[in-house]
Amino acid sequence: MASSKDWFETVAEARERARKRVPEPVYRALLAGSEAGVTLADNTAAFAELGLRPHIADLPSVRDQATTLMGQQLSLPVICSPTGVQAVDPAGEVAVARAAAASGTALGLSSFASKPIEDVIAANDKVFFQVYWLGSREAMLARLDRAKRAGAKGLIVTLDWVFATARDWGSPPLPERIDLATAIRFAPRVLTRPGWLWRFARSGRLPDLTTPNLVGPGETGPTFFGAYGEWMGTPPPNWADLAWLRDQWDGPLMIKGIYRPEDARRAVDVGATAVSVSNHGGNNMDSTPAAIRALPAVAAAVGDRVEVVLDGGVRRGSDVVKALALGARAVMIGRPYLWGMAAGGERGVHNVLEILRQGIDSTLYGLGRASVQELTADDVLMPDSFTRGM
């Protein structure tokens with residue numbers, strides 16, 4: 001049981017604790033963003049433009065947050081988005097899986113994850129394996145086969161990325177691999193956060209920057225930057241390629257990165273069972289409006305045929321409620337749980353998920369809704385210019 005001293009009340013507090021606990025380059029990597037950070041900022045600012053319309057009597061004494069996504073029962077409409085190489089904590093993606101299991105929810109596991117999919121699914125069987133269009137078709141099929149054998153419940157195909165990595169505030173210096181020479185070079189930065197270093201020392205391993213899920217079980221995967229380079233060198237997929245990928249996977253499939261209603265319809269046409277409205281957390285093409293601004297049009301276009309998910313900018317339970325009221329089935333979070341892990345490991349991730357649960361519950365109460373299934377656009381006040389014409 002965590003003490004009140006260990007438990008934090010908001011995602012903002014998790015971020016601040018993360019800043020104080022991990023080395024500066026690691027913290028900057030968790031902030032990320034691209035170019036001028038316009039999209040990064042708008043992802044969160046847009047939620048503040050949406051108002052809520054409360055009731056004051058006949059409020060429900062009990063509120064239900066349960067929902068389903070990609071065939072999985074969730075106790076709250078929030079899942080952990082796939083993020084690559086979680087070398088923030090020695091347990092990495094396994095810690096996220098355990099925390100998500102404790103909160104009764106699912107997680108996406110990146111192809112660029114630092115832990116084998118088998119270990120992650122052993123900690124939480126509600127795992128959706130995320131893939132990029134990377135390498136040959138034969139290599140992709142081998143990854144899908146491994147994910148299916150391991151027990152992955154669904155597939156997430158991520159397409160919201162244009163390799164825009166430059167940042168006006170500077171990208172953090174991150175090594176390709178951790179060895180003795182690298183450790184010496186980064187020692188001045190790492191030694192300022194001895195607690196972070198001690199966590200890895202106590203685990204008996206250095207931060208792992210390889211990608212084991214891009215190869216066979218037990219094989220040594222390429223480094224993150226090596227895998228990233230191969231991805232950059234792979235010709236991007238067309239809709240026929242995505243239809244082929246759909247044919248290779250017999251379970252639920254989500255296409256991540258949808259913004260335009262016409263792309264959402266094409267995703268339905270190739271057999272997607274879910275779409276994620278996402279701009280890769282503001283790490284994609286800068287000046288793209290916030291994901292929540294694109295959600296209403298996408299939900300109106302395909303929400304009656306596939307599950308629609310919102311990914312980007314969620315920092316509190318009321319944000320989740322706003323997204324659901326505007327047509328999302330659930331939301332995905334990235335930075336919030338990574339900050340939680342940086343702040344407190346597995347318990348910190350669980351803390352973040354429970355912060356969102358509490359915020360959803362209090363917002364449902366104020367709106368007079370007994371269930372997340374009852375939410376409608378009538379619960380939200382949306383300015384006329386909010387969707388930016390999308």
Side-chain angles (χ1 to χ4, degrees), residues 11 43-44 46-55 59-60 62-81 100 103-108 126 128 252 254 256 258-259 261 264 273-279 290-334 336-337 352-383 386-387 390:
V11 170
N43 267 354
T44 52
F47 278 102
E49 295 178 24
L50 295 170
L52 294 167
R53 304 180 67 209
H55 286 288
L59 303 182
V62 178
R63 281 78 59 194
D64 182 13
Q65 299 185 31
T67 191
T68 59
L69 181 67
M70 303 250 281
Q72 299 304 299
Q73 292 285 336
L74 309 179
S75 74
L76 77 166
V78 180
I79 72 169
C80 295
S81 190
S103 289
T105 193
L107 69 149
K126 295 179 180 180
F128 307 133
M254 176 191 297
K256 182 176 180 289
I258 297 293
Y259 246 71
T273 52
V275 297
S276 172
V277 181
S278 168
N279 54 46
I292 188 72
R293 298 190 195 278
L295 174 63
V298 172
V302 300
D304 59 340
R305 291 182 285 169
V306 295
E307 297 172 336
V308 178
V309 177
L310 184 282
D311 186 346
V314 171
R315 299 291 184 269
R316 58 195 79 247
S318 60
D319 294 343
V320 180
V321 170
K322 290 172 183 178
L324 268 57
L326 295 182
R329 170 68 66 92
V331 306
M332 303 170 80
I333 60 168
Y337 81 80
V352 164
L353 289 167
E354 293 308 305
I355 286 170
L356 295 178
R357 187 195 305 277
Q358 293 166 10
I360 295 167
D361 183 72
S362 61
T363 308
L364 288 176
Y365 179 74
L367 292 173
R369 300 299 191 187
S371 166
V372 292
Q373 312 300 333
E374 295 181 359
L375 292 165
T376 71
D378 188 56
D379 294 313
V380 176
L381 292 167
M382 183 193 302
F386 181 78
T387 61
M390 287 185 290

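- For the atom pair CG (L74) and OG1 (T105), the distance works out to 4.5 Å, reported to the nearest 0.5 Å.
- Interatomic distance, CG of L310 versus CD1 of I258, reported as 13.5 Å (0.5 Å rounding).
- Within the 4.5 Å cutoff, the side chain of P252 has no heavy atoms near those of the Q72 side chain.
- At a threshold of 4.5 Å between non-hydrogen side-chain atoms, the residues R369 and V321 do not count as touching.
- Rounding to the nearest 0.5 Å places CG of L375 at 9.5 Å from OG1 of T363.
- Closest of all the heavy-atom pairs between T68 and R329 is O-NH1, 2.9 Å.
- For the pair D379 and L367, the tightest heavy-atom approach, listed with the atom from each and the gap, is O-CD2, 3.9 Å.
- For the pair M382/P296, a side-chain contact is recorded, criterion being any heavy-atom separation below 4.5 Å from C-beta on.
- At least one side-chain heavy atom of R293 sits under 4.5 Å from a side-chain heavy atom of E49.
- More than 12 heavy atoms of other shown residues, nucleotides or ligands fall within 6.0 angstrom of atom CZ in F386.
- Residues T273 and V306 come closest through the heavy atom pair O-CB, 3.6 Å.
- The distance from the CG atom of N279 to the CG atom of N43 is 4.0 Å, given to the nearest 0.5 Å.
- When side chains are defined from C-beta on, I333 counts as touching L353, because their heavy atoms get closer than 4.5 Å.
- Under a 3.5 Å cut-off, the side chain of S75 and the backbone N or O of S103 do form a donor-acceptor pair.
- Considering CG of L295 and OG of S276, their distance stands at 10.0 Å, rounded to 0.5 Å.
- Nearest heavy-atom pair across A100 and A106 is CB-O, 4.1 Å.
- Within the structure, side chain to side chain donor-acceptor pair (under 3.5 Å) contacts touching residues 309-323 (residues at least two apart or in different chains) are S81-D311.
- Taking both residues in full, the closest heavy atoms of L326 and A377 are given as CD2-CB, 4.4 Å, listed atom of the first, atom of the second, then distance.
- V277 pairs in a side chain to side chain contact (heavy atoms under 4.5 Å, CB included) with only one of the listed residues (V331, I292, V308), which is V308.
- The minimum heavy-atom distance between V298 and A264, with the atom names listed, is CG1-CB, 3.9 Å.
- Residues satisfying the side chain to side chain donor-acceptor pair (under 3.5 Å) test with R53, not counting sequence neighbours, are D378.
- Looking at heavy atoms from C-beta onward, V320 lies out of side-chain contact with L76 at the 4.5 angstrom threshold.
- Taking 4.5 Å as the limit, some side-chain heavy atom of V78 sits within range of a side-chain heavy atom of I360.
- Using a 4.5 Å heavy-atom cutoff, the side chains of M70 and F128 are in contact.
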